[in-house]
Engineer: 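Encoded as C-alpha cells, here's the structure I'll be asking about.
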Amino acid sequence: MNVSKRSDIAPFYAMEILKSANEMADDGATIMHMEAGEPGSGAPAKVLQAAHAALDNCQLGYTESEGDPVLRARIARHYQDYYGQTVAPNQIAVTMGSSGGLLLAFLAAFDVGDRIAMAEPSYPAYRNTLSALGLEVVGLPAGPETRFQPTVDLLKQVDEPVHGLIVASPSNPTGTMIPRAEFEALANYCDDQGIRIISDEIYHGITYGEPAETVLAYSNSAIIANGFSKYFAMTGWRLGWIIVPPDLVRPIERLAQNMFISPPTLAQHAAIAAFDCREELDRNVARYAKNREILQRALPEAGFGDLAPCDGAFYVYADVTQLTNDSENFCREMLKATGVAATPGIDFDTKRGNHYVRFSFAADGATVERAAAALIGWLQPK
Ligand SMILES: Cc1ncc(COP(=O)(O)O)c(C=O)c1O
C-alpha cells in the first residue's frame with residue numbers, strides 16, 4: 001500500500017533524545033531534562049480551580065469552531081491591557097495549541113507551491129509542516145550578526161519572490177528577539193511586497209529585558225499565533241489562538257469547522273482564568289531568569305563556544321564547533337556521560353545545525369545547577 005510522500009518529513013530530534021533519556025531513566029540513570037521546551041511548573045492554581053468548576057457545572061459539549069465567545073473576548077481584552085492594541089474578538093480563533101493555529105494559518109494564507117521564508121535556525125515544525133502541506137521552505141541563513149533573526153537584507157537576497165515570512169521574537173531555539181526598528185522595517189517591506197507575515201508570539205511574556213512587541217503594532221495583514229503552552233504553563237491542555245486580518249476570518253472559520261469542529265472545551269473554560277494569574281506566572285519567569293544566569297556562567301566554563309544572546313523564551317543556543325562537528329552524536333555522548341539531555345542543532349538548522357546544541361532551562365533551578373556541574377565535570381575533568 002502507498003505511504004504518502006508528504007509524510008516523509010524529518011523527525012523532531014528533541015523527542016528522539018527524550019526517548020533515549022527515558023530509556024536510561026528506566027534503567028536507573030538520573031536524567032536532567034533540558035531537551036524539551038516545557039515549563040517545569042503546571043498550570044496556575046486559578047486555572048485548575050476553573051477546570052474543576054467546569055467539570056462540576058458544565059456539559060462540556062462542542063463550542064463554536066473559532067472558540068468560546070467568552071474566551072475570545074478575554075483574549076481581546078488581554079491585547080488591550082498588555083499591548084494597548086484593539087483587536088475585534090471575531091478576528092480571534094481559539095485553536096488546538098498554537099500548533100493547530102499555525103496549521104490553519106498556513107492553509108488559509110498559502111497555496112501548494114507557495115514559498116515561505118524563515119530564519120535558519122527556526123522551530124522545526126514550521127519547516128516540516130509546510131513541506132507536508134506542499135509548500136516550499138526558503139531558509140534565510142541567520143547568524144549571530146542578525147541575532148539569528150530574519151532581516152530585510154536577508155529577504156532581499158532571496159532570488160525568487162516569496163509569499164510568506166515566519167518570524168518568532170523571542171525565537172526558539174535561540175531566545176533572541178528582533179530589534180523594534182528591524183521588526184517595523186520587516187513588516188513594512190513585507191506589506192509592500194505582498195508577503196504575508198506569520199508572527200509566532202508563543203514566547204511573549206517570557207523576556208529578560210524589553211517586553212516583546214506584537215506584529216499588530218506594525219502590520220494589518222499579518223497573522224499572529226500564540227497560546228497557553230509557554231508563559232501560561234499549560235502545555236498539555238492543548239490550547240492556543242490565532243489573530244487574523246478580516247480577509248482570513250471566514251477561510252479560517254471554514255477550515256476550523258472541518259478539521260477540528262472545536263478546540264477542547266474543558267481547556268477553554270479553564271484558560272479564561274489564566275489571564276488573571278500574572279503574579280504566579282511571573283514567578284516562573286523569575287525562575288527562568290535565574291536558570292538562564294546559571295547556564296550563561298557554566299556553559300563557557302565547561303568549554304562551550306558563543307551563546308546566542310537569549311533575550312527571552314527559555315533556551316540557550318550554544319556553539320559547539322570547538323567540541324564536535326556532529327551535534328546529534330555529541331548530544332548522545334553527553335546524555336550517556338552526564339545524564340544531561342539537550343537537543344542537537346540539526347533540529348533547527350539543516351545546514352549549520354551540527355555546530356549547535358540547544359539547552360532548555362525551563363526546569364527547576366536544582367536540575368539546572370546539577371546539569372551545569374555535570375557538564376563542567378565532563379568537559380573539564382580535574
Ligand atoms: C516556537 C514555537 N511555536 C509553537 C510551538 C507549539 O506549541 P503549542 O502547540 O503547545 O502551543 C512551540 C512548542 O515548543 C514553539 O517552540
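Order of listing sets the numbers, starting from 1, for every ligand and every atom in it. Index from 1, following the sequence.
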Engineer: Could you walk me through whether Leu335 and Glu35 pass side chain to side chain contact (heavy atoms under 4.5 Å, CB included), step by step?
Structural biologist: CA-CA 10 Å; Leu335 176 63; Glu35 74 283 44; over 6 Å; no

Engineer: Between ligand 1 and the protein, find all N/O pairs closer than 3.5 Å and give the distance for each.
Structural biologist:
from	atom 1	to	atom 2	distance (Å)
ligand 1	3 (N)	Asp200	OD2	2.6
ligand 1	7 (O)	Ser98	OG	3.3
ligand 1	9 (O)	Ser98	N	3.4
ligand 1	9 (O)	Ser99	N	3.0
ligand 1	9 (O)	Ser99	OG	2.5
ligand 1	9 (O)	Arg238	NH2	2.8
ligand 1	10 (O)	Ser229	OG	2.6
ligand 1	10 (O)	Arg238	NH1	2.8
ligand 1	11 (O)	Ser98	N	2.7
ligand 1	11 (O)	Ser98	OG	2.8
ligand 1	11 (O)	Ser229	OG	3.4
ligand 1	14 (O)	Lys230	NZ	2.7
ligand 1	16 (O)	Asn172	ND2	2.8
ligand 1	16 (O)	Tyr203	OH	2.7

Engineer: Donor-acceptor check, side chain of His269 to backbone of Ala51, threshold 3.5 angstrom: yes or no?
Structural biologist: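 Judged by distance alone, no pair lies under 3.5 Å.
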
Engineer: Taking ILVMFWY side chains as joined if any heavy atoms are under 4.5 angstrom apart, and letting links pass through other members, which residues group with Leu55?
Structural biologist: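 Listed partners: Leu60, Leu266.
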
Engineer: Can you pull the salt bridge (Lys or Arg N to Asp or Glu O under 4.0 Å) pairs that have at least one residue in residues 190-207, sequence neighbours excluded?
Structural biologist: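 Every pair satisfying salt bridge (Lys or Arg N to Asp or Glu O under 4.0 Å) with a residue in residues 190-207: Arg196-Asp247.
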
Engineer: Checking Ser20 now: which residues fulfil side chain to side chain donor-acceptor pair (under 3.5 Å) with it, not counting sequence neighbours?
Structural biologist: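 Arg332.
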
Engineer: Using a strict cut-off of less than 4.0 Å between a Lys/Arg side-chain nitrogen and an Asp/Glu carboxylate oxygen, indicate whether Arg358 and Asp349 qualify as a salt bridge.
Structural biologist: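 No, this pair does not count.
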
